[in-house]
Amino acid sequence: MRIAELSPDLRQTETLTEILEEIESSVKEFERIVSTENPSKEITNFCSKLQKGFSRLNSQSPLSKSNKLQIWKLSFRLWNACVDLSNLTTASGNRSVPEDHVKLRQISADLLFFAGDVPEIPSSDFKAASFFYKTGLLWHGLKKFDLAAVCFEKATDLTSKIEVSEITDPGERKLLLDLNLARSTSAWDVSERNLVLTLLNRSKNLLFGCPESYRALANQYLIFGKLYLSSNSQTSSVNEALKLMNESLDLCDKGLRSCKRGDENLELKTLRSKSLRFMAAANLQCEDYESVLKCIRVLRESSGGGGEQHPCLPVLAMKSWLGLGKHREAEKELRGMVLNKGIPESVWLSSVEAYFQATGVAGADTTKGVFLGLLGRCHVSPKAAVRVAQVVVGSGGEGFRFRAKVVSELVSDERVVALFNEETAANERTSMHTVLWNCGAEHFRLKDYETGAEMFEKSMLYVLHNVENKILRAKCFRVLSLCHLALLQFDRAQEYITESEKLQPNITCAFLKFKIYLQKNEEIGAIAQIQAMASCLDFDPNFYFLAAHEAIACHALPVAIASLSVLLGIYSHGKPMSTPEGVVFRTLLTLLSRDMVEETEVLKFTKHAHIRMKEIVPENFLGKGEVGRRERNWFAWNSWNNGTRMGKEKKYKLCAEFLELASEFYGARIDGDEVEDHRHMICKSLILSVSANIAAEKQSGVALKESDLKQAGQLLDRVGKMLPGMQLSDDCQSIDSSLHFMYTLNVYNLQARLDNSRSQQLLLVKNFASSKMCTPQYLLQIGLNAAQDGQHSNLEVSDYALNTCLSSLLNSPSPDYQTVALVLRKLIGIAGFRKGNADDDVYNVYKQAYRIMIGLKVGEYPTEEGKWLAVTAWNRADMPVRLGQVVIARRWMTIGLDLAQHVQGMLGYKGTMEDFLAEFDKKFNGLDDYEYADGGNRSTVTEV
């Protein structure tokens, strides 16, 4: 056994007296600290020391009367020191209460709670409760809601020991009510709504018929109602807020009835009016306009009818009448606000805005009248005038023009203009000018040039005639010139632009003069104005682009030619230009395309651009780097688009020329970049160009000249050189499969027309068939083309292409038997034209068709095609029967019958065939062709 287990605990137990002496010493120390100049620095350590002493005191029991009384004295000394400390802190300008100060008050209250009731101290429980109540308020101010709740609950426990009916002291009664209200506030902050309502209801039993108590509780109900109203706009929250405000109103009424002196009811009446106003606002929020008007009626009647009214009442009344759709009554309220000098400017401004938003165009005149009425009643700030103009004019929509007219009348009133004459109104003057300018600009955008011009003119009322605003006035004159130009009032437009040019001569004025000449069809004046543009100090060659565009839009082609000639002349003279010459051509081509001129004109200028590009290398014509590449791509793209559009419109000759130009532009090298980047489009353009030439030949019926054929061959040779291996091999992925096919077909046709050997055609088709780009449909078209090309037909190529197509189709997981049937038909037709043993070749095709049909589902092979095979095979026996060729006839009848057995809908035919074949075999059994021919009786075969 260890010694420690045998030794007793020799520590001396700490006595209550020692602890109290230590706490008293700490309180004395705290009182000394408070009396120093800067006590806050030492509070933290002292607070911790005092808390430890109180913790040790908690373990001591029981307490004697003298101990309790001593603790009470220490608590009051500590509390008073805290009050002194708080006063010092407040006097120094610091309104916030440090947390350590509150902790000391908490210790003071806890000391009283620990000591309990002392008979020598009257109302000791209420005194202790007041400490906890005041400490809880401080904790609540620091957002320590849990600590505040603990203090309030302890205070409630202390006061609950006494019956409410036995309490007669007014201060104690007030403490009970204040305590409940404080608890409800703390519960509200932690979202315990049910507890809040419970505490408020309990507070109704603590009023004791005192008007001040009624006022305090009613005010608390109103505060919570306002919080409900501001926290959430949902209907349920508004309804809860109304319930609380109704309680507040009811308490105010009861409190007024409990008043015994006339001076007691003033605050209650004020609170009652406030509750009614907030109830009206809540009802307005939930759109219960009738209830709003009832509240306002009560308020107005309670003030004696003619007394001064709160500024919000006419606002609430007006919005309620608007909500009920009674605009006449709303207008009365709005006009009544003009007579109420107590309404702030911001309030009637918002009211005017609400009225106008509800009434729209119909309320524009009323809004103007109200504002002008206010000008005669009181001083109105320029900012208010700007706001009213901004509200009325709005931003488009219904009645926009009418609203602009109203604003125009408003801002042109001398009294309104006079508001902005002061130097201090410079910002507001600028704002008003901006509002009117933007309104005019919006009407200009909507092509309402008359209203736009009016608004621009009114905006000049808010531009001072001084040197600083000379440029702004010139700008206004220019835009007015544009408006009258759009209204075809050319003389007025010229007057305005002349005034603008006097204030600020520039290229814009010169260009507007040019536009006016164009509109007046004075081409000579327009051309002269083009020459005058170069004399402007801020001359920009880009205005020649605009001039050309305007001239083309006005169908003044001589003017457009003059503009572009001057511009291109600048390039031809070698003058450095920021814009490459290609951009000029691009602009010209774009304008020509938009103007829907003849395609031949577009082609002419495109060819001209191509010639200039060759003359001054692509970098100088188009630009360098990425800019040049974009320009090159634009010309190539434009040529390509024109070519494809011509193709769709079946203008194949133009299509071919555009596509050939596209290939030239795609092939232009910028900064040594590789042509390989555009190999795909070059090949595509060349192939389609040749195809377009061939289509043009077929369209016109005039055969291409030999020189044209050779040129087409050269284009295809270029394509062949760009393709890997000079042929269409498996690894050639430069262009897609459809263009491979077109290339092959075009080369095939040219080889036929240029008397190339047929073996080259067959080799060409075989190479294409072996490539990955080949499809059965392409082979079918090649086969049909080779068979139907008249004097240039090549049956060998056709037979190869169709047989290869048939094999490819049959190798497919789900063959297209409609196409299979078409191929078989063509193969049967081709086999009939062959020299030699044609009958056997045709029979082999029928036999192949029979093998294909074996095993297919009913209807999978096209029925009509199957019937055609069966009938034509059977009918091919007719001639051999007539010629006595029994074996050949039997072979054809047998294959026809075999085919009919696999075709749906040939049941009747099949019976006739079987009967005839049986009779035929019976009649000619054992005879060969020669025997039948020498001595047998001939019998015809009835065609099916």
Side-chain angles (χ1 to χ4, degrees), residues 164 167 170-171 173-188 193 195-231 237-286 288-317 320 342:
V164 175
I167 301 173
R173 289 180 174 181
K174 185 177 183 303
L175 177 62
L176 290 177
L177 179 61
D178 291 344
L179 184 57
N180 269 281
L181 297 181
R183 284 189 66 192
S184 66
T185 303
S186 180
W188 178 276
R193 300 293 188 263
L195 180 58
V196 171
L197 295 176
T198 302
L199 292 169
L200 290 177
N201 286 326
R202 288 180 187 174
S203 299
K204 293 178 182 179
N205 299 323
L206 304 174
L207 301 176
F208 303 106
C210 177
E212 179 61 27
S213 298
Y214 279 106
R215 190 202 62 77
L217 182 56
N219 186 59
Q220 194 66 48
Y221 269 109
L222 180 59
I223 289 172
F224 289 148
K226 290 192 293 184
L227 290 173
Y228 253 124
L229 198 61
S230 62
S231 63
S237 296
V238 176
N239 290 335
E240 290 296 328
L242 282 170
K243 289 179 183 178
L244 294 171
M245 291 175 185
N246 272 316
E247 290 285 349
S248 175
L249 182 63
D250 184 57
L251 286 167
C252 287
D253 289 335
K254 291 179 179 179
L256 287 171
R257 289 195 295 269
S258 68
C259 290
K260 298 178 181 179
R261 300 192 312 272
D263 57 345
E264 293 180 342
N265 61 7
L266 182 60
E267 291 185 357
L268 280 169
K269 284 183 178 181
T270 303
L271 185 59
R272 180 177 182 274
S273 299
K274 191 175 181 181
S275 299
L276 282 168
R277 290 198 300 273
F278 275 100
M279 286 176 66
N283 284 312
L284 183 64
Q285 189 167 331
C286 62
D288 186 0
Y289 304 116
E290 294 289 351
S291 298
V292 177
L293 294 173
K294 287 179 182 178
C295 292
I296 294 171
R297 194 177 301 116
V298 171
L299 282 167
R300 287 176 172 173
E301 290 173 355
S302 65
S303 62
E308 183 179 354
Q309 299 194 16
H310 196 277
C312 75
L313 296 185
V315 179
L316 294 172
S320 299

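Just so you know, these numbers come straight off a predicted model, no measurement behind them.
- One N or O on the side chain of Asn201 and one on the backbone of Leu197 form a donor-acceptor pair closer than 3.5 Å.
- For the salt bridge (charged side-chain N to carboxylate O under 4.0 Å, His left out) condition, the pairs that include at least one residue of residues 197-207, sequence neighbours left out, are Lys204-Glu247.
- Between Asn219 and Glu267, the closest side-chain pair of non-hydrogen atoms is not below 4.5 Å.
- Screening residues 221-230 for salt bridge (charged side-chain N to carboxylate O under 4.0 Å, His left out), with sequence neighbours left out, gives no hits.
- For the pair Asp250 and Lys254, the salt-bridge criterion is met [side-chain N within less than 4.0 Å of a carboxylate O].
- Put simply, CE on Met279 and CG on Asn246 are 3.5 Å apart, with the number rounded to the nearest 0.5 Å.
- Between atom CG of residue Leu249 and atom CG of residue Leu242 there is a gap of 11.5 Å, rounded to the nearest 0.5 Å.
- Side-chain contact between Leu206 and Ser213: absent, with no pair of heavy atoms (C-beta onward) separated by less than 4.5 Å.
- For Asp288, the side chain to side chain contact (heavy atoms under 4.5 Å, CB included) partners two or more places apart in sequence, or in a different chain, are Asn283, Cys286, Glu290, Ser291.
- Taking 4.5 Å as the limit, every side-chain heavy atom of Arg300 sits out of range of all side-chain heavy atoms of Arg297.
- Between Val238 and Leu229, some side-chain heavy-atom pair lies under the 4.5 Å cut-off.
- Partners of Ala218 under the side chain to side chain contact (heavy atoms under 4.5 Å, CB included) rule, at least two apart in sequence or in another chain, are Ser248, Leu251, Cys252, Leu271.
- With sequence neighbours left out, the side chain to side chain contact (heavy atoms under 4.5 Å, CB included) criterion links Leu284 to Tyr289, Val292, Leu316, Lys319, Ser320.
- For the atom pair CD (Gln220) and CG (Leu222), the distance works out to 9.5 Å, reported to the nearest 0.5 Å.
- No donor-acceptor pair closer than 3.5 Å links the side chain of Ser186 to the backbone N or O of Ala182.
- Interatomic distance, OG of Ser203 versus OH of Tyr221, reported as 7.0 Å (0.5 Å rounding).
- Contacts of Phe224 classified as ring pair (Phe, Tyr, Trp, His ring centres under 6.0 Å), with partners at least two apart in sequence or in another chain: Trp188.
- Put simply, CZ on Arg173 and CG on Asp178 are 14.0 Å apart, with the number rounded to the nearest 0.5 Å.
- In this structure, Arg193 forms a cation-pi arrangement with Tyr228, its terminal cationic atom sitting closer than 6.0 Å to the ring centre and no more than 45° off the ring axis.
- With rounding to the nearest 0.5 angstrom, the CG atom of Leu207 is 6.0 Å from the CG atom of Leu177.
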